[in-house]
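Single-structure report; data block below.
Counting starts at 1 for both ligands and their atoms, in listed order. Any value given below was found using the heavy atoms of this structure, including those in side chains, with hydrogens, waters and symmetry copies removed.
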Amino acid sequence: MTDCIFCKIIKGEISSAKVYEDDKMLVFKDIEPKAKVHLLAIGKQHFKLLSEMDGERAELVKYMLMKIPRIAEENGCKNGYRLVINQGDDAGQTVFHLHIHILGGQQLGW
Ligand code: AMP
Ligand code: ZN
């Protein structure tokens, strides 16, 4: 996806504060943090919504969910954290590349 900000981050065309990267996923700091720790986990495959899930994408999301606990702990979320996946307009999704918000480093309110 040529006009996707997160694909550009993956390709290194836009800089980001990376905290983890492997061949399948990337985790970087949110540019407008909503908590003391606010990371974004993205897969290196472009799709927008969980409703677009197929077998390969499901494997990718499962892989990310398995990696996140350690990445969160190593980045200041030893006491817990919250995962958020905004889906569509009512949720305020602004970047149309599926991403998992990792929020923590403090007591989180609703
Ligand atoms: P969402 O509202 O779930 O689509 O979240 C998109 C998130 O991406 C927001 O929290 C933005 O602050 C964040 N964001 C947008 N552009 C960048 C960027 N270049 N680097 C890091 N985070 C970004
Ligand atoms: Zn993308």
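Closest to atom 9 (C) of ligand 1 among all protein heavy atoms lies D30 OD2, 3.4 Å. The closest protein non-hydrogen atom to atom 19 (N) of ligand 1 is I9 CD1, 3.9 Å. For atom 4 (O) of ligand 1, the closest heavy atom belonging to the protein is T94 N, 2.7 Å. Looking only at protein heavy atoms, the nearest one to atom 5 (O) of ligand 1 is H99 NE2, 3.1 Å.
Figure legend: K24 and Y63 shown as a cation-pi pair, the cationic atom lying under 6.0 angstrom from the six-membered ring centre and within 45 degrees of its axis.
Geometrically, ligand 1 and Q93 share no nitrogen or oxygen pair separated by less than 3.5 Å. At under 3.5 Å, not a single nitrogen or oxygen of F6, backbone or side chain, sits near a nitrogen or oxygen of ligand 1. Where the criterion is an N or O separation shorter than 3.5 Å, residue side chain and backbone included, I31 meets it with respect to ligand 1. Taking any N or O of H38, backbone or side chain, none lies under 3.5 Å from an N or O belonging to ligand 1.
Look at E52 and K48 and you find no salt bridge, because none of the NZ, NE, NH1 or NH2 atoms lies under 4.0 Å from a carboxylate O. Remark: E21 engages K18 in a salt bridge, criterion side-chain N to carboxylate O under 4.0 Å.
Between H38 and the choices H101, K29, E32, the side-chain hydrogen bond (donor to acceptor under 3.5 Å, both in side chains) rule is met once, by H101.
With ligand atoms numbered from 1 in the order given, ligand 1 contributes 1 (P), 3 (O), 5 (O), 7 (C), 10 (O) to contacts under 4.0 Å with heavy atoms of H101. Interface atoms of ligand 1 facing K29, defined by a heavy-atom separation under 4.0 Å, are 21 (C). If you number the atoms of ligand 1 from 1 as listed, the ones under 4.0 Å from a heavy atom of E32 come out as 12 (O). Atom numbering of ligand 1 starts at 1 in the shown order; those under 4.0 Å from a heavy atom of N86 are 1 (P), 2 (O), 3 (O).
The number of heavy atoms from other shown groups lying within 6.0 Å of NZ (K34) is above 12. Environment of NZ in K36: sparse, with no more than 12 heavy atoms of neighbouring residues, nucleotides or ligands closer than 6.0 Å. Atom CG of D22 has more than 12 heavy atoms from other residues, nucleotides or ligands within 6.0 Å.
Only the side chain of L40 comes within 4.0 Å of ligand 1, counting heavy atoms alone; its backbone N, CA, C and O stay farther away. Contacts between K34 and ligand 1 below 4.0 angstrom, taking non-hydrogen atoms only, involve the side chain exclusively.
At least one heavy atom of G92 lies less than 4.0 angstrom from ligand 1. Using a non-hydrogen distance threshold of 4.0 Å, F96 does not register as a contact of ligand 1.
Side-chain contact between K67 and M25 is present, with at least one heavy-atom pair separated by less than 4.5 Å.
Applying the under-4.5 Å side-chain rule to Ile, Leu, Val, Met, Phe, Trp and Tyr, the cluster around I31 consists of that residue alone. Applying the 4.5 Å side-chain rule to ILVMFWY residues, one finds that F96 remains a lone member of its cluster.
For the pair ND1 of H46 and SG of C4, the angle at the Zn ion (ligand 2) is about 110°; rounding is to 10 degrees. Geometry at the Zn ion (ligand 2): SG/C7 and ND1/H97 form an angle of 110°, nearest 10 degrees.
Taking the six-membered ring for Trp and the full ring otherwise, the centers of F6 and H99 sit less than 6.0 Å from each other.
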